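Structure first, commentary second.
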There are 2 protein chains.
Amino acid sequence: MIRNSPVVKAVRLLAYVAREETPVTLADLSAAVKLPKPTVHRIAALLEEEGFLYKDPLTRRYSAGKTFQELCFYALRSGAHGERHLILQRLSEKLAETINLAVLVGREVMYIERIESAWPLNINFQPGSRVPVHCTANGKLLLAFAPRRHRERLLNSIELRPYTRNTMVDGARLLRELQEIRRQGYSEDNEEFLAGVCCLAVPVKDRRGRVVAGLAVSAPSARFPLEKARSYLPDLQACAEELSVQAKLGF
Amino acid sequence: MIRNSPVVKAVRLLAYVAREETPVTLADLSAAVKLPKPTVHRIAALLEEEGFLYKDPLTRRYSAGKTFQELCFYALRSGAHGERHLILQRLSEKLAETINLAVLVGREVMYIERIESAWPLNINFQPGSRVPVHCTANGKLLLAFAPRRHRERLLNSIELRPYTRNTMVDGARLLRELQEIRRQGYSEDNEEFLAGVCCLAVPVKDRRGRVVAGLAVSAPSARFPLEKARSYLPDLQACAEELSVQAKLGF
DNA sequence: TCGAATCATTCTAAATGTTGGAATTTTTGT
DNA sequence: ACAAAAATTCCAACATTTAGAATGATTCGA
């Protein structure tokens, strides 16, 4: 991806101006974003024309423009992914553990949402971060329910790197486990990725029944072992159903 | 001035996404800004990388990104230096009570500006702080004038937690009140959030007449009961109008 | 009031990223 | 399972960006 794009420069200018308390001079801007003044000047002029910046005619200082400020009202209005977040939050509160929603992206699992439990000491993975597919509950789940061709291609292209003593590094064994996951409808991670942390994941399906995401609870084995997680299966499945039925996945 | 600059294209994309209520597809975007899909695709990817857009991995729809939302927050708050502040200050002086301007952020109401009255003893809510939506004048007002879909989704996802004896905890009754608010054009909070404190709020509209913010007076019922607040409705409305017409919302 | 220093703006040719039709892949709807 | 729609990738022609240098404007101290 091109990182020298004028688009990137423009939004960084915008970000700097918006974050500053008071209007800024061109020289400030130029120093802050590390671009030559003529460059900043031109981009700022474009942003000004679009109403994203406002240049005070007297002081020549830049601040947020009218269009931009108006936009702010709208952008904030719909706090990202309200309903989905709420559904997950309810589940997290009930189990008192971390809940995350993930999808398959390329050869990895990406969190699209994550509700941290109130407990201290739990791993910090931000939404957007990625984890391996062969040693996580969500990963194995999504792999198990992926279309066969897709699954095979993926399995051939990943390396079964060991993360803990329990990480599965044997392809044949992984295959058997995937079959088992399809049979029982959920997957487990018994400290296969992070020592001391176990997970349990259930599928989230779209209208047509295809598995599009995984919903998992993850917690320190010490206070929340897999047996306990299993006892909450109905709650997890109900939550997954809620996400599916209401088609709240999208937004 | 070059008008075909990618910078211009980028900010127009951003503006369109921010103004839409729900996440938009690439095809929508392409049609809306009248640019070929590959072009939109590339620019959107850049904006996503910068956190200005968020592409849901499941639906591939674009919405405002995290960095952008954070920026909006700053941009709205830093308006406090300019004309907007003066307009609010005049009103506050006339009523001799606390005035605040608020917007809907997610499921809550956020103050973007607040002029404290000179009186002692009044609650200290800084700009940026959030209050519930179902038991405040601004909250009910913004809810009442929000687009229907947005309102319904919000109502479904909030908990009508009681704060005082007067807090509305009955959804049906709240709905009726919202209808009444739309009819009469203003909303009241009769000690529903804080015992002993009442508020009255009027809508602030944008150019197209959509309600984007709420302007409220809040005061101890003892010295400034709702009847008295109502007598100042013309002043509040004039002030809201001033903010709207002159488009001084920005700053 | 003057001049020096700083800041803003314009100019330019070379460099770079952009562009969008066409092809490809993926997803959706029937 | 199929057709239609949408998203994504490609790439060579092309338009914009780039930033040094020059110029004009403003600020500030003496």
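All values derive from a computational prediction rather than experimental measurement. Chain letters run A, B, ... following the sequence lines, proteins first and then strands; every chain starts at 1. These values consider heavy atoms only, across backbone and side chains, with no hydrogens, waters or symmetry-generated copies.
Side-chain atoms of E20(B) do not come within 3.5 Å of backbone N or O of T22(B) as any donor-acceptor pair.
Looking only at side-chain heavy atoms (C-beta outward), L215(A) and L91(A) come within less than 4.5 Å of each other. With contacts defined as side-chain heavy-atom distances shorter than 4.5 Å, the pair R114(A)/T98(A) qualifies.
The salt bridge (Lys or Arg N to Asp or Glu O under 4.0 Å) check on R12(B) picks up E50(A), with sequence neighbours excluded. For F68(A), the ring pair (Phe, Tyr, Trp, His ring centres under 6.0 Å) criterion is met by F52(A), not counting sequence neighbours.
Rounded to whole angstrom, the span from the CG atom of L26(A) across to the P atom of dG24(D) amounts to 19 Å. One atom, CZ of R42(A), and another, P of dA19(D), lie 9 Å apart when rounded to the nearest Å. Counting to the nearest Å, the P atom of dA15(C) and the NZ atom of K9(A) are 16 Å from each other. Put simply, CD1 on I43(A) is 16 Å from P on dA8(C), counting in whole angstrom units.
Annotation for Q237(A) and V202(A): closest pair CG-CG1, 4.0 Å, computed over non-hydrogen atoms. Here the closest heavy-atom approach between residue Q69(B) and residue A64(B) is recorded as NE2-CB, 3.9 Å.
Comparing P6(A) and T25(A) along DNA chain C, the residue whose closest nucleotide (by nearest heavy atom) sits nearer the 5' end is T25(A).
A close approach under 4.0 Å does occur between a side-chain nitrogen or oxygen of S5(A) and OP1 or OP2 of dT18(C). Residue H41(A) has no polar side-chain atom (N or O) positioned under 4.0 Å from OP1 or OP2 of dA8(C). Listed pair N4(A) / dG17(C) meets the phosphate criterion, a side-chain N or O lying under 4.0 Å from OP1 or OP2. OP1 or OP2 of dT8(D) has at least one side-chain nitrogen or oxygen of K55(B) nearer than 4.0 Å.
Counting non-hydrogen atoms under 4.0 angstrom, R60(B) reaches the backbone sugars and phosphates but no base.
For the helix from dT1(C)-dA30(D) to dT30(C)-dA1(D), the angle separating the two terminal helix axes comes to 70°, with each axis derived from five pairs and the value rounded to 10°.
The distance from atom CZ of F224(A) to atom OG of S231(A), rounded to the nearest 0.5 Å, is 6.5 Å. Here the straight-line distance linking atom CZ of R19(B) with atom CG of L71(A) works out to 5.0 Å at 0.5 Å rounding.
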Show the atom names and distances, to 0.1 Å, of all donor-acceptor pairs under 3.5 Å that link a side chain in residues 31-45 of chain B to residues at least two apart or in another chain.
none

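Within residues 29-40 of chain B, the residues having any heavy atom under 4.0 Å from DNA chain C are, by residue number, P36(B), P38(B), T39(B).
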Identify the pairs formed between an N or O of the protein and an N or O of nucleotides 2-5 of chain D at a distance under 3.5 Å, and give each distance.
none

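Note on R90(B) versus E93(B): no salt bridge recorded, every NZ/NE/NH1/NH2 to OD/OE distance being 4.0 Å or above.
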